[in-house]
Amino acid sequence: MKRVKKKSTRFQVINKGIVLDFTKEPEGGYTVTVPSLPGCVSYGWTVEEAIEMIKDAMQGYLKVAKEEGLLIPEEIEQQNKIATGFSLAF
C-alpha cells in the first residue's frame, strides 16, 4: 500500500510576538485564529485578506476586553501602545 503524503493545511505567521494560526479550508480560503485571544477568529479567501480580517477582529476583541476590564496579553498590549489607534502591522 502506497502512502500519500498529505500537504499541511495548517501554518503560523508570527509578527512582533503575535502568533496567527491559519487553516486552509477544503472549500477554499483560510480560517485564522489568534491563540493569545481566545475566540478571536476570522476568515479570508486569501492569506492577505485573512490577515486584514483578523486585524479587524482583534480590534473588536480588544475594545470589548478593555470595556470589560479583561487582561490583554503583553505582546498584544505592546502593539496597541506602539500603534496609533491600534492598527497591527503585518
Side-chain angles (χ1 to χ4, degrees):
M1 178 180 230
K2 186 176 179 181
R3 278 183 85 173
V4 177
K5 189 174 181 179
K6 190 176 180 181
K7 288 185 180 182
S8 176
T9 59
R10 298 183 75 109
F11 61 95
Q12 290 184 329
V13 172
I14 303 171
N15 188 315
K16 299 177 183 168
I18 301 171
V19 177
L20 302 179
D21 284 336
F22 289 83
T23 302
K24 181 153 179 53
E25 299 298 342
E27 67 278 358
Y30 298 85
T31 296
V32 58
T33 62
V34 184
S36 60
L37 301 177
C40 190
V41 179
S42 197
Y43 174 88
W45 280 106
T46 65
V47 171
E48 294 79 13
E49 181 183 26
I51 288 172
E52 289 305 311
M53 298 300 286
I54 199 66
K55 287 195 294 187
D56 184 55
M58 290 171 72
Q59 288 174 351
Y61 186 104
L62 293 175
K63 181 179 179 194
V64 171
K66 287 181 181 181
E67 289 171 0
E68 298 292 324
L70 301 175
L71 292 177
I72 297 172
E74 185 176 329
E75 66 274 11
I76 305 286
E77 186 62 40
Q78 287 299 322
Q79 284 301 305
N80 193 17
K81 287 178 183 174
I82 292 168
T84 305
F86 190 81
S87 60
L88 292 170
F90 279 98

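The chain is numbered in sequence order, starting from 1.
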Measure across [X] and [Y] and return the closest heavy-atom pair with its distance rounded to 0.1 Å.
| X | Y | value |
| --- | --- | --- |
| Ile72 | Ala65 | CG1-CB, 4.3 Å |
| Ser42 | Met53 | OG-CB, 3.1 Å |
| Glu27 | Trp45 | O-CZ3, 3.8 Å |
| Cys40 | Tyr61 | CB-CD1, 3.9 Å |
| Ile54 | Val41 | CD1-C, 3.9 Å |
| Phe22 | Ile51 | CZ-CG1, 3.7 Å |

*Answer with yes or no whether the hydrophobic clustering places Phe11 together with Ile18; edges join I, L, V, M, F, W, Y residues whose side-chain heavy atoms lie under 4.5 Å apart.*
yes
*Take Tyr30 and Leu20, measure what side chain to side chain contact (heavy atoms under 4.5 Å, CB included) needs, and give me the verdict at the end.*
CA-CA 11 Å; Tyr30 298 85; Leu20 302 179; over 6 Å; no
*Less than 4.5 Å apart, any side-chain heavy atom of Met58 and any of Leu37?*
yes
*In terms of heavy-atom contacts, does CD of Glu67 have more than 12 from other residues, nucleotides or ligands at under 6.0 Å?*
yes
*Verify the neighbour count for atom CD of Gln12: are there more than 12 heavy atoms of other residues, nucleotides or ligands below 6.0 Å?*
yes
*asked:* If hydrophobic residues (ILVMFWY) are linked whenever their side-chain heavy atoms come closer than 4.5 Å, directly or via other members, who joins Leu71 in its cluster?
replied: none
*Quick one: do Ser36 and Ile76 satisfy side chain to side chain contact (heavy atoms under 4.5 Å, CB included)? Show the steps, please.*
CA-CA 8 Å; Ser36 60; Ile76 305 286; 3.9 Å; yes
